[in-house]
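Scroll down for the structure; my scribbles are underneath it.
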Amino acid sequence: MSRIPQSMPAVAYRKSLPADDAESLLDVTLPVPEPGPRDLLVQVEAIAVNPVDHKVRQSNDPGGEPKVLGWDAAGTVVAVGDEVTSFTVGDEVFYAGVIDRPGANSRFHAVDERLVGRKPAALSFAEAAALPLTSLTAWEGLFEHLGLHDGALRQTGTLLVTAAAGGVGAMVSQLARALTSLTVVGTASRPETTEFARRMGASHIVDHHKPLAPQVAEVAPGGVDFVFSTAGTEQNLAAYAEILRPFGRVVAIDDFGPAEIGLLKSKSLSFHWEFMFTRSLHRTADQAEQGRILNQISRLADAGILTTTATTDLGTINAEHLREAHRILESGRAIGKITLSGF
């Protein structure tokens, strides 16, 4: 690490404050992390911002210590740990990382190689940074929890995706369209989100501000087989129970309180959680599956089968621009992914 500086610019927060507060996110200087045995040290070129960023900022007060957020990054490997086998210095990579280590809103970032994929050559760093967290969430939800089969183009049926213009919803729609023959019904409520959701792969759009069941019945009279619920699960559970065919499946990623899960019993419907950080947080034996998934996403992007969901680049990575990104996400009006590039 002789050519790597000892300190680096980063964006952190020291206290949970509203995004409009000038001290909610701060420009700081921190030591460059030392990579562990399985770690890559990545020079971060671009990041993307997710709802998890502002949720952690709002709910996890670090008590005055600088806490770095950021769970989407693309960059170049500048050093590797002693036990690294899959990457070398100079490799371009993209990843989401793990929630119980410092995030990637810093010039250099240490990340376990098993959670990392090779950056799509066809995409810029910013375009690539938009993909990891949502791609992993969508892939795990579709092909692990809902039981779909990657590349099974004879697999038919109907999939409902809520908030289909969001980061996860857009990736769910793209993967379902590219790797299955499911008909995708997405939810959206504005002309611009409707247009984006259709571009990402939704064949039909229903308004999530209106009752779902009658709208879905119009476009899928026989009901749906799967629901990927990215938002509104608690409010929509009764509608899911109504529109799903017997033995259908729901996977959800949003947070909510007690729900009437008994509504799912008569049709033998199953409910699944998807949390992208489960593998890394619990150090499961198959953590490397995330690296494999990201490499598959990279191949699909390079083949032109998947496209980036980056829609808004706010400029360089600094506290002012990240505060703006948090404000946009907290408004609930974001389309696709927000990215930032360079320091």
Side-chain angles (χ1 to χ4, degrees), residues 50-51 130-131 133-135 137-139 141-143 145-146 148 153 155-245 248-254 256 269 272 274 300 304-312 328-338:
N50 295 284
L131 296 178
L133 187 147
T134 55
S135 296
T137 300
W139 189 286
L142 287 170
F143 303 120
H145 303 312
L146 291 184
L148 302 177
L153 296 181
Q155 186 167 27
T156 59
T158 303
L159 167 70
L160 175 68
V161 183
T162 61
V168 173
M171 284 310 305
V172 170
S173 298
Q174 284 200 73
L175 286 170
R177 178 178 64 180
L179 302 179
T180 78
S181 292
L182 295 177
T183 298
V184 178
V185 178
T187 78
S189 63
R190 293 175 279 148
E192 59 270 32
T193 55
T194 295
E195 188 278 329
F196 184 75
R198 287 189 183 279
R199 183 151 50 90
M200 291 296 101
S203 298
H204 307 281
I205 299 293
V206 298
D207 189 340
H208 45 228
H209 291 316
K210 299 176 181 178
L212 282 183
Q215 295 181 84
V216 172
E218 289 186 11
V219 296
V224 305
D225 303 278
F226 309 99
V227 173
F228 202 121
S229 187
T230 72
T233 303
E234 184 175 8
Q235 305 93 297
N236 292 324
L237 195 61
Y240 298 162
E242 182 177 346
I243 63 178
L244 276 162
R245 295 186 178 109
R249 298 186 178 196
V250 180
V251 64
I253 66 170
D254 56 332
F256 56 89
L269 306 176
H272 307 259
E274 159 57 19
L300 291 168
I305 295 170
L306 296 180
T307 186
T308 183
T309 54
T311 56
T312 304
I328 293 170
L329 286 174
E330 289 175 28
S331 76
R333 298 183 66 82
I335 301 174
K337 293 293 291 291
I338 299 169

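Both backbone and side-chain heavy atoms feed into the values below; hydrogens, waters and symmetry mates do not.
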- Note on the structure: In terms of heavy-atom contacts, Thr309 and Gln174 come closest through CG2-NE2, 3.7 Å
- Between Thr187 (side chain) and Ala163 (backbone), is there a donor-acceptor pair under 3.5 Å? yes
- Message: Taking the side chain as everything from C-beta on, heavy atoms only, tell me whether Val224 gets closer than 4.5 Å to Tyr240.
- Response: no
- Spatial distance of atom CD (Glu242) from atom CG (Asn236) [nearest 0.5 Å]: 11.5 Å
- Query: Would you say Val206 and Leu212 make side-chain contact, with heavy atoms under 4.5 Å?
  - Reply: yes
- OG1/Thr233 to CD1/Ile253 distance, rounded to the nearest 0.5 angstrom? 8.0 Å
- For Arg198 and Arg177, work out which heavy atoms get closest and say how close. O-NH1, 4.3 Å
- When Thr230, Asn50, Val161 are each screened for side-chain contact (heavy atoms from CB on, under 4.5 Å) with Val168, the one that passes is Thr230
- Spacing of Arg245 atom CZ and Thr158 atom OG1 [to the nearest 0.5 Å]: 5.0 Å
- Task: Over all heavy atoms of both residues, which pair between Ala213 and Ile243 is shortest? Give the atoms and the distance, please.
- Result: CA-CG2, 3.7 Å
- Task: Indicate yes or no: at least one non-hydrogen side-chain atom of Leu179 is less than 4.5 angstrom from one of Phe143.
- Result: yes
- Could you check if a side-chain atom of Leu160 sits within less than 4.5 angstrom of a side-chain atom of Leu244, using non-hydrogen atoms only? no
- Taking all atoms of both residues into account, what is the closest heavy-atom pair of Glu192 and Ile335, and its distance? CG-CD1, 3.5 Å
- Message: Using side-chain heavy atoms (C-beta onward) and a distance below 4.5 Å, is Leu159 in contact with Leu146?
- Response: yes
- Message: Between His145 and Arg249, is there a side-chain heavy-atom distance shorter than 4.5 Å?
- Response: no
- Query: Is any side-chain heavy atom of Leu148 closer than 4.5 Å to a side-chain heavy atom of Leu182?
  - Reply: yes
- Residues Val251, Phe226; criterion side-chain contact (heavy atoms from CB on, under 4.5 Å); working and verdict: CA-CA 8 Å; Val251 64; Phe226 309 99; over 6 Å; no
- Query: Would you say Gln215's side chain and Pro211's backbone share a donor-acceptor pair under 3.5 angstrom?
  - Reply: yes
- From Ser173 atom OG to Arg199 atom CZ, the distance as rounded to the nearest 0.5 Å: 12.0 Å
- Message: Measuring from atom OG1 of Thr193 to atom CZ of Arg333, what distance do you get when rounded to the nearest 0.5 angstrom?
- Response: 8.5 Å
- Kindly give the heavy-atom pair with the smallest separation between Thr183 and Ser203, and that separation in Å. CG2-CB, 4.2 Å
- Task: Look only at the side chain of Ser331 and the backbone of Ile328, and say whether a donor-acceptor pair between them is shorter than 3.5 Å.
- Result: yes
- Query: Side-chain contact, heavy-atom cut-off 4.5 Å: Met171 with Leu306?
  - Reply: yes
- Within a reach of under 6.0 Å around CZ of Arg190, are more than 12 heavy atoms found that belong to other residues, nucleotides or ligands? yes
- Query: For Ser189 and Asp207, which heavy atoms make the closest approach, and how far apart are they?
  - Reply: CB-OD1, 3.4 Å
